[in-house]
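In what follows, chains carry the letters A, B, and so on, assigned in the order in which the sequence lines appear, proteins first and then strands, with residues in each chain numbered from 1.
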Amino acid sequence: MSDDATESSEEADSTAREMHAEDDPYVLQGPQPHPFWAESVAEKILDRDPDDPIVIKGGISPSGVPHLGNMNEIVRGYFVAEALRDRGREVRQVFTADDRDPLRKLPRKLADLDGNVVDLGDVNAGALGRNLGKPYTAIPDPFECCDSYGEHFSNLIERSAELLGIPVEMVSNTELYESGEFEELTEYLLDNQQKAREVLGHYQDKVDEDYVPFNPICEECGKITETVTSVDTEAGTVEYVCTDMEAGDKTIEGCGHEGTATFREGKLPWRFEWPAQWEVLGVDHEPFGKDHAEGSWPSGSDVARNVFEIEPPVPMAYEWFTLDGEPFSSSSGHVIMVQDTLEMLEPEVLRYFFTKDPSKARDFSVEHLDQLVDEFDAFERAYFGEESGETDEEIAAAAYPPVVRPTIAARFETDGTPIADPETGSVPVADADRETYDEVIDETFHSRVRLPYTFAAVLGMTDDPDLREAIARREGHLAEEPEWAVEMALSRVERAREWARRTGNEFDYELKRTEMPYVDLDADTEAALDELADFVENHDDPDEIQGEIYETAKRHDIDIGEFFSVGYRLFFDDDQGPKLGPFLAKLDKQFVLARLRREE
RNA sequence: GGGCCGGUAGCUCAGUUAGGGAGAGCGUCUGACUCUUAAUCAGACGGUCAGGGGUUCAAAUCCCUUCCGGCCCGCCA
């Protein structure tokens, strides 16, 4: 005979409960055995003698645009996984799409599979609104490209991981329910409701004797409902009434239907579902946001130990990112996705961002992206022993290989032969190839070159690849590097240019080739420009032209700065730009002459 | 209201585990290169380490307290 929900007499007890010593989620506080946090976490995991494969999990509900902050769930785990693999262990990184969760409110912004953010109004918002309260996997995909809303956004998350070359096994929570993976634990929970209520009651006042740790899906309207009237674990079913559900300050109306659901036709409440996932998937480690740290983690680890009687994973609470100083917000569209950042950064730079201390909040500043790149370049030099500066070489030694390995795998064969046209920027590295790729890093990749990011942005002023390379060589940033290194160095130009374009900063200039920008000239300046044109007509040397700009200005008693500004206005419609002499020397002469003479 | 995490130069941050000299990069300013143009190089300016109190020979670091920000204590991940 199963428990009858109404017979429970246990009162909710909200007094604080002592946490198990190993369950403090702030694992990075206090003395750490290693300079790189991921190695310290890895050691904590190994202290428990886990069997191979070690399972590291992350997970979010696929409710909308997966932004950079959400990627903590995957990338933090990746660095721990890599530290474990460095110690010879086999690791599975899994990611649960918590896609049986109900849609509680309509996001204002969505994203298509390519990562383009669109307004809710651009898709069929009305159709979406009728699906409030239903599991994400039971809602049609508003973009009509995937089987469901949930699958659409799970695909986006998976795509983000792929772009970073992080091997992740995606697990659909809905599929776990449908295939019966949670059946045994659900039955156990419903057979031991007393215990479940007793433990959760320490954390949630609403847990009373009527509380049943299972939420069926209404067979009539398809919504998740919370009112279970009786339980029959022998038959594996519950009876329910489809009542209203509170979601934030709104109420999602139930249809009033009374029905019967199996354990596969519903879901566990989150506080039980999370620990159930640990058991079903054998999770050894899970990072989670600071929002969980004081909420569902304490109750979850308690439920694991004292209801399911399993050991919860090694936790790690991470602080959240902000984006240009403001919190990420999927619903309002203040987000940046992996896809966006990779238009401005090499993937290794983005991975590098996640090697920083997870216990500190961090701003992902698009405006100051050049600083992040400069920092990465120093980090890379520290790894190769090229910099005797402040950068921590111990951290670089531990963190750099996992940061670049997916890049190396995308660009080189295992024997170090460069791949001519890499299809993607990052490729997951098979365990068997790790050591050989590490040799490629040390023996081949050490001759890579990085153009300083802002310099790369300056080169973005011209579309001409040869001109870009010529200027980079002239300024001493390229020498006798192998072809792959030159190609890779110059690939930063497009990214830096995209950064300049997006931020509209001082590097955001482009050659105005087709139309002459408007510029107000006095007679002296016009005469000076004509003279300069005559000079350029007969001279090709960059330095001579640069010098002549000064000379011409002096001869006509024009302020040097103003004369340069006129030049920039004429060519870029801006008041600043690249070093003008070498630039004019490299451009096609006819265009330069015509423009200096204001002929087009 | 209770709990947790954070607050170091204009900006981004390191340093807090095991107390001992307050740091880096960027920005700013000045100078130099008989040529301001991501210039480069050199130098300078810049912080009562959020405030206050305590312990100590010594505190950014340890303790107490106040303030500010974020999160949790409803739901949800």
*asked:* Once ring-ring contact (aromatic ring centres under 6.0 Å, His included) is applied, do any residues pair with A:Phe563, and if so which ones, sequence neighbours excluded?
replied: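 For A:Phe563, no residue satisfies ring-ring contact (aromatic ring centres under 6.0 Å, His included) once neighbours in sequence are set aside.
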With A:Trp499 via ring-ring contact (aromatic ring centres under 6.0 Å, His included) - residues at least two apart: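 Per chain and number, A:Trp499 pairs via ring-ring contact (aromatic ring centres under 6.0 Å, His included) with A:Tyr453, A:Phe507.
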Under a 3.5 Å limit for both distances, which nucleotide forms a Watson-Crick or G-U wobble pair with [N], could you say?
N     : answer
B:A60 : none
B:A38 : none
B:G46 : none

Over all strands shown, is [X] touching base, sugar-phosphate only, or nothing at heavy-atom distances under 4.0 angstrom?
X        : value
A:His477 : base
A:Phe507 : sugar-phosphate
A:Asp291 : base
A:Gln29  : sugar-phosphate
A:Arg271 : sugar-phosphate
A:Ser61  : sugar-phosphate
A:Ile560 : base
A:Gly547 : nothing
A:Trp320 : sugar-phosphate

Side chain of [X] (C-beta onward), nearest among [options]:
X        : options             : answer
A:Lys290 : B:A77, B:C71, B:C11 : B:C71
A:His368 : B:C11, B:A77, B:C5  : B:C11
A:Lys206 : B:C75, B:A38, B:A77 : B:C75

Among A:Glu386, A:Glu375, A:Glu380, which residue meets the salt bridge (charged side-chain N to carboxylate O under 4.0 Å, His left out) test with A:Arg450?
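That would be A:Glu380; it is the only one of A:Glu386, A:Glu375, A:Glu380 passing the salt bridge (charged side-chain N to carboxylate O under 4.0 Å, His left out) with A:Arg450.
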Before we go on, tell me: are the rings of [X] and [Y] under 6.0 Å apart, centre to centre?
X        : Y        : value
A:Trp278 : A:Trp297 : yes
A:Phe379 : A:Tyr400 : yes
A:Phe321 : A:Phe353 : yes

Atom-to-atom span, [atom1] of [X] to [atom2] of [N] - whole angstrom:
X        : N     : atom1 : atom2 : result
A:Ile549 : B:U36 : CD1   : P     : 12 Å
A:Glu394 : B:U17 : CD    : C1'   : 14 Å
A:Asp24  : B:C5  : CG    : C1'   : 12 Å
A:Trp499 : B:A38 : CH2   : P     : 13 Å
A:Glu286 : B:A77 : CD    : P     : 12 Å
A:Leu200 : B:G74 : CG    : P     : 10 Å
A:Lys105 : B:C76 : NZ    : P     : 14 Å
A:Phe379 : B:A14 : CZ    : C1'   : 15 Å

[N] phosphate, OP1 or OP2: any side-chain N/O from [X] under 4.0 angstrom?
X        : N     : answer
A:Arg492 : B:A38 : no
A:Lys267 : B:A77 : yes
A:Gln204 : B:C75 : yes
A:Gln277 : B:A77 : no

Enumerate all atom pairs, one protein N or O and one N or O from nucleotides 59-63 of chain B, separated by less than 3.5 Å.
none

(message) Can you pull out every salt bridge (Lys or Arg N to Asp or Glu O under 4.0 Å) where at least one residue sits in residues 317-326 of chain A? Sequence neighbours excluded, please.
(response)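 Output for this query lists A:Lys290-A:Glu319.
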* Asked: What salt bridge (Lys or Arg N to Asp or Glu O under 4.0 Å) pairs are there with at least one residue in residues 56-70 of chain A, not counting sequence neighbours?
  ->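 Residue pairs with at least one partner in residues 56-70 of chain A: A:Lys57-A:Glu286.
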Test of understanding: with side-chain contact (heavy atoms from CB on, under 4.5 Å), list the residues that count as partners of A:Pro33, not counting sequence neighbours.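 If we apply the side-chain contact (heavy atoms from CB on, under 4.5 Å) test to A:Pro33, skipping adjacent residues, the hits are A:Ser40, A:Glu43.
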Exercise for review: Sequence neighbours left out, what passes side-chain contact (heavy atoms from CB on, under 4.5 Å) with A:Ala161? Give chain and number order.
Suggested key: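 Listed in chain order: A:Ile74, A:Val168.
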A:Asp101/A:Lys267 ion pair, N-O < 4.0 Å: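 Yes, A:Asp101 and A:Lys267 are salt-bridged.
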Next item on the list: Map A:Trp270 and A:Pro31 onto RNA chain B by nearest heavy atom, then report which one ends up closer to the 5' terminus.
Entry: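 The residue whose closest nucleotide sits nearer the 5' end is A:Pro31.
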Note to self: Quick check: on RNA chain B, is the nucleotide nearest A:Phe563 upstream (toward 5') of the one nearest A:Pro269, or the reverse? Name the residue that is more 5'.
What the structure shows: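 Going by which nucleotide is closer to the 5' end, it is A:Phe563.
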Fill in: Partners passing side-chain hydrogen bond (donor to acceptor under 3.5 Å, both in side chains) against A:Tyr149 (at least two apart in sequence or in another chain)
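A:Tyr149 satisfies side-chain hydrogen bond (donor to acceptor under 3.5 Å, both in side chains) with no residue once adjacent residues are dropped.
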With sequence neighbours left out, what residues match A:Arg492 under side-chain hydrogen bond (donor to acceptor under 3.5 Å, both in side chains)?
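Expected list: A:Glu346, A:Asp377.
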(message) Restricting to salt bridge (charged side-chain N to carboxylate O under 4.0 Å, His left out), what partner residues turn up for A:Asp302, sequence neighbours left out?
(response)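 Only A:Arg17 meet the salt bridge (charged side-chain N to carboxylate O under 4.0 Å, His left out) criterion with A:Asp302.
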*Which residues within residues 356-365 of chain A lie with some heavy atom under 4.0 Å of an atom in RNA chain B?*
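Of all residues in residues 356-365 of chain A, the ones placing a heavy atom under 4.0 Å from RNA chain B are A:Ser359, A:Lys360, A:Arg362, A:Asp363.
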Nucleotide by nucleotide, nucleotides 27-32 of chain B touches protein heavy atoms under 4.0 Å in the pattern (B base, S sugar-phosphate only, - none) ------
Between the base of B:G25 and the side chain of A:Gln371, is there a donor and acceptor pair under 3.5 angstrom?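 Indeed there is one.
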